[in-house]
Number of protein chains: 2
Amino acid sequence: MGRAKIAMELIQNDKKRKITLNTRKQGLVKKARELATLCDVDFSMIIYTDDQETPHKSSLRNQINSTV
Amino acid sequence: MGRAKIAMELIQNDKKRKITLNTRKQGLVKKARELATLCDVDFSMIIYTDDQETPHKSSLRNQINSTV
DNA sequence: CCGCCTATGCTTAGAAC
DNA sequence: AGTTCTAAGCATAGGCG
């Protein structure tokens, strides 16, 4: 099946939400890189995510810093 | 005409580059908002652009801070 | 400049493996 | 859990008003 339309609201299902986060984060970074390349601009992007995979390692928020 | 494919390199034409910057920046912010909504993450994005429209007003770089 | 349009290509949700 | 596939939906280049 192709892409189904999803509601613009918090995804309740943990697994789906995590997949969506990763997929879309990737797409976002790609687009950011493209913009930086096409228009010669400096770019900084920070996504603060709760790391739900290793809660025992840290209760602090992880910082994913994508500098392009 | 529909969307033409563009090369992934610096857009030399000033006018085109500026249009592309604005259009894509808008799209990027939209996607960032979606990601923040769908996955409940905090998001910060900064694009440093040379303001080519008012070079007489400031030689400093403008900082466009889109916090979602 | 701004907005609208439309064709085209890119993104990505869901499935199948 | 990862990988790959596919099509639905979305982003957007270029044109026009």
Side-chain angles (χ1 to χ4, degrees):
Chain A
M1 179 202 281
R3 177 192 191 187
K5 190 171 186 172
I6 62 168
M8 266 310 300
E9 57 189 16
L10 178 64
I11 299 171
Q12 299 294 336
N13 182 293
D14 285 356
K15 191 174 180 178
K16 277 192 184 178
R17 190 176 58 253
K18 199 150 73 74
I19 292 174
T20 296
L21 172 62
N22 286 324
T23 308
R24 280 178 175 253
K25 180 161 59 62
Q26 211 173 310
L28 210 54
V29 171
K30 183 182 178 184
K31 275 195 176 290
R33 285 215 180 92
E34 288 184 359
L35 183 55
T37 301
L38 290 171
C39 302
D40 189 30
V41 292
D42 289 335
F43 206 99
S44 176
M45 185 160 65
I46 304 174
I47 307 176
Y48 300 92
T49 66
D50 289 321
D51 189 333
Q52 301 174 320
E53 288 204 63
T54 52
H56 56 288
K57 283 189 178 174
S58 170
S59 62
L60 295 177
R61 298 195 140 202
N62 279 337
Q63 181 179 113
I64 300 174
N65 193 341
S66 303
T67 304
V68 182
Chain B
M1 178 203 282
R3 178 193 189 183
K5 192 169 186 171
I6 63 170
M8 267 310 300
E9 56 188 16
L10 178 63
I11 299 171
Q12 299 295 336
N13 182 293
D14 285 356
K15 192 174 181 178
K16 277 192 184 178
R17 190 175 59 254
K18 198 150 73 72
I19 292 173
T20 296
L21 172 61
N22 286 324
T23 308
R24 282 176 172 254
K25 180 162 58 63
Q26 209 173 312
L28 209 55
V29 171
K30 184 181 178 183
K31 277 196 174 290
R33 285 215 180 93
E34 289 184 359
L35 182 56
T37 301
L38 291 171
C39 302
D40 188 30
V41 293
D42 290 333
F43 205 98
S44 175
M45 184 160 65
I46 306 175
I47 308 175
Y48 300 92
T49 66
D50 289 320
D51 188 334
Q52 300 174 319
E53 288 205 61
T54 53
H56 56 287
K57 283 188 178 177
S58 170
S59 63
L60 295 175
R61 298 194 141 203
N62 280 337
Q63 181 178 111
I64 300 174
N65 193 342
S66 305
T67 305
V68 182

In whole Å, I'd like the distance from the [atom1] atom of [X] to the [atom2] atom of [N].
X: B/Asn22; N: C/dG3; atom1: CG; atom2: P; answer: 11 Å
X: A/Lys5; N: D/dA7; atom1: NZ; atom2: C1'; answer: 16 Å
X: B/Arg33; N: D/dC10; atom1: CZ; atom2: P; answer: 17 Å
X: A/Ile6; N: D/dG9; atom1: CD1; atom2: P; answer: 12 Å
X: B/Asn13; N: D/dG15; atom1: CG; atom2: P; answer: 11 Å
X: A/Gln26; N: C/dT11; atom1: CD; atom2: C1'; answer: 11 Å
X: B/Ile11; N: D/dG14; atom1: CD1; atom2: C1'; answer: 12 Å
X: B/Lys18; N: D/dG14; atom1: NZ; atom2: C1'; answer: 17 Å

Can you confirm whether [X] sits close enough to [Y] that some side-chain heavy atom of one is under 4.5 Å from a side-chain heavy atom of the other?
X: B/Leu38; Y: A/Glu9; result: no
X: A/Val29; Y: A/Arg33; result: yes
X: A/Asn22; Y: A/Lys25; result: yes

A/Arg17 side-chain N/O to A/Gln12 backbone N/O, donor-acceptor pair under 3.5 Å: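 Present.
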Transitive ILVMFWY cluster of B/Leu10, excluding itself - 4.5 Å side-chain cut-off: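 When side chains under 4.5 Å apart are linked, B/Leu10 ends up in no cluster with other residues.
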Closest non-hydrogen atom pair, B/Tyr48 against A/Val41: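 What the structure gives for the nearest pair is O-CB, 3.5 Å.
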Kindly point out which of [options] is positioned nearest to the side chain of [X]?
X: B/Thr20; options: D/dC10, C/dG14, D/dA13; result: D/dA13
X: A/Ala4; options: D/dA1, C/dG14, D/dG14; result: C/dG14
X: A/Glu34; options: C/dT12, C/dT11, D/dG14; result: C/dT11

Sugar-phosphate, base or nothing in reach of B/Lys15, heavy atoms under 4.0 Å: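 B/Lys15: no heavy atom of the nucleic acid under 4.0 Å.
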Toward the 5' end of DNA chain C, by each residue's nearest nucleotide, B/Ile19 or A/Leu28: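 Comparing both residues, the 5'-ward one is B/Ile19.
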Phosphate OP1/OP2 of D/dA11 contacted by B/Lys30 side-chain N/O (<4.0 Å):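 Yes, such a contact exists.
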Any B/Lys16 side-chain N or O less than 4.0 Å from OP1/OP2 of D/dG14: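 So the side chain of B/Lys16 is within the cut-off, an N or O lying under 4.0 Å from OP1 or OP2 of D/dG14.
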Terminal axis angle for the helix from C/dC2-D/dG17 to C/dC17-D/dG2, five pairs an end, nearest 10 degrees: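 Answer for the end axes of this duplex: 30°.
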By side chain to side chain contact (heavy atoms under 4.5 Å, CB included) - contacts of B/Lys16 (at least two apart):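 Here the qualifying residues are B/Ile11, B/Asn13.
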